[in-house]
Amino acid sequence: MDSIMGNNTWVLADLPPSCKPLGCKWIFKRKLKVDETIEKFKARLVIQGFRKKLGINYFDTYATVARISNIRPLIALASIYNLIIHQMDVKTTFLNGELDEEVYMNQPQGFIMPGNENKVSDKCVYSKFDESSKEVIICLYVDDVLIFGTGKVHVELTKEFLSSMFCMKDMGEANVILVGKLSRYTSNPGTQHWQAIQRVPKYVKKTMDYSLTYTGYPSVLEGYTNARWINNTEDNLSTSGWVFLLGRGAISWASKNQTYISGSTMESEFVALAAIGKEAEWLRNLILKIPLWSKPIAPISILCDSATTLAKTYSQMCDCNQAKLLSSSSS
């Protein structure tokens, strides 16, 4: 409650005519450490926003989140350039947001101001590079902050600056970075989510000795792609798969159904190549924004194991070159 009041989250006001206040609820939970011991007990006050209508009462519902494929390239860069990585946590992150709309909420249970019982309450990667070749990169995932730096002094200065602007918790050198997808469905899990949860302990048990390792060499970005033609007889869809390596460690990968039916194995391979090409462009643009990475950026190699697809690609390139030669000779 001190955080809520300290951030001036609301002010007590009389409810305007024809306005209905929203209710609120306290949510209590335990925050666990990595070893499953209790770190602290938490209480969160949530407003019953489900009574609001999208497009009328509100428009945007998102938080600042970095893709996990943002974080892995930065870790690979840290191994290449010997960067240090520190982690911070923003306390009560969502209290720092600014509301453009007027929202009226009933006072929370247990904290109703005496004499005011009838009143209601109102209202992803950044880098800095200086002339001494010292750089700090900040990666945000909601309330978690990863700070990559070429020197400890600049990292500490960055942490001091953030602490002066927000209420922060310094977690020191980063040792655990987790991004969970199943946690997104805890409020309304489906059958497939329960099946996935049952697979998680089995997967963890069998892969406890496995880990992503970044050696820092080679310092080039390269991708591998493959496709499986119509492996699902129910919808006749093929599967695309790819993986990108940097510093001898995987930084981005995917395996997903293609969005339309391919007529042949070669066609499904071309669809997979188009998908990995988009990811390669996205990763290249990410690296391009990091001043520490040497410029110009080397071409990204994408390797495909389909001889038929490669032969077709090269033949089309030859046909295009011949057409250009015929056009120039006829002119």
Side-chain angles (χ1 to χ4, degrees), residues 1-9 27 29-46 61-98 124-130 132-181 183-184 211-212 214 216 246-247 249 251 286-287 289-293:
M1 199 65 186
D2 292 337
S3 299
I4 293 176
M5 303 306 296
N7 281 276
N8 298 317
T9 307
I27 304 295
K29 62 182 297 186
R30 296 175 299 174
K31 185 175 182 179
L32 303 179
K33 298 180 181 179
V34 180
D35 58 1
E36 299 297 324
T37 59
I38 298 176
E39 179 179 348
K40 61 180 177 180
F41 295 94
K42 300 182 68 175
R44 178 173 295 173
L45 181 65
V46 295
T61 56
Y62 61 87
T64 305
V65 176
R67 290 175 54 180
I68 185 61
S69 53
N70 267 12
I71 300 175
R72 295 194 200 102
L74 294 177
I75 296 175
L77 288 173
S79 68
I80 295 173
Y81 293 101
N82 296 319
L83 305 180
I84 60 174
I85 310 175
H86 280 229
Q87 190 170 8
M88 299 188 77
D89 180 78
V90 185
K91 297 181 181 179
T92 57
T93 307
F94 296 103
L95 299 182
N96 293 296
E98 296 290 340
C124 271
V125 176
Y126 308 91
S127 64
K128 182 179 181 181
F129 194 79
D130 62 18
S132 60
S133 299
K134 299 295 184 181
E135 182 176 12
V136 172
I137 303 171
I138 298 177
C139 185
L140 302 178
Y141 194 91
V142 188
D143 58 346
D144 292 315
V145 181
L146 290 176
I147 304 174
F148 300 78
T150 54
K152 189 173 182 179
V153 174
H154 286 72
V155 172
E156 294 296 336
L157 289 174
T158 302
K159 292 196 290 186
E160 289 179 8
F161 172 75
L162 292 174
S163 299
S164 67
M165 302 296 294
F166 307 98
C167 186
M168 307 288 293
K169 179 181 178 181
D170 190 352
M171 304 176 68
E173 291 190 5
N175 52 12
V176 176
I177 302 170
L178 296 177
V179 179
K181 289 188 176 181
S183 60
R184 304 174 188 174
S211 64
L212 284 175
Y214 301 95
L246 180 62
I251 61 170
L286 172 65
I287 296 176
K289 296 178 181 179
I290 300 176
L292 194 63
W293 191 268

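Note that the structure is a prediction, hence the values are computed from the model and not measured. One-based numbering along the sequence shown.
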- Query: So which heavy atom on Trp293 is nearest to which on Tyr81, and how close?
  - Reply: CA-OH, 3.7 Å
- Point-to-point distance, once rounded to the nearest 0.5 Å, from CD1 of Ile85 to CD1 of Ile137: 10.0 Å
- Less than 4.5 Å apart, any side-chain heavy atom of Leu162 and any of Ile147? yes
- Task: With rounding to the nearest 0.5 Å, note down the distance linking CG in Asp89 to CG in Asp170.
- Result: 10.5 Å
- Note on the structure: Taken to the nearest 0.5 Å, the spacing of Asn70 CG from Ile251 CD1 works out to 10.0 Å
- Which pair of heavy atoms, one from Val155 and one from Val136, lies closest together, and at what distance? N-CG2, 4.4 Å
- Query: What's the spacing between Leu146 CG and Leu74 CG if we round to 0.5 Å?
  - Reply: 8.0 Å
- If we only count heavy atoms from C-beta on, is the Val145 to Met168 side-chain gap below 4.5 Å? yes
- Message: Give me the atom names and distance for the closest heavy-atom approach of Leu246 to Pro73.
- Response: CD2-O, 4.2 Å
- Item | Evaluation steps, side chain to side chain contact (heavy atoms under 4.5 Å, CB included), between Phe148 and Leu77 | CA-CA 9 Å; Phe148 300 78; Leu77 288 173; over 6 Å; no
- Task: Taking the side chain as every heavy atom from C-beta outward, state whether Lys159 and Met88 have any atom pair closer than 4.5 Å.
- Result: yes
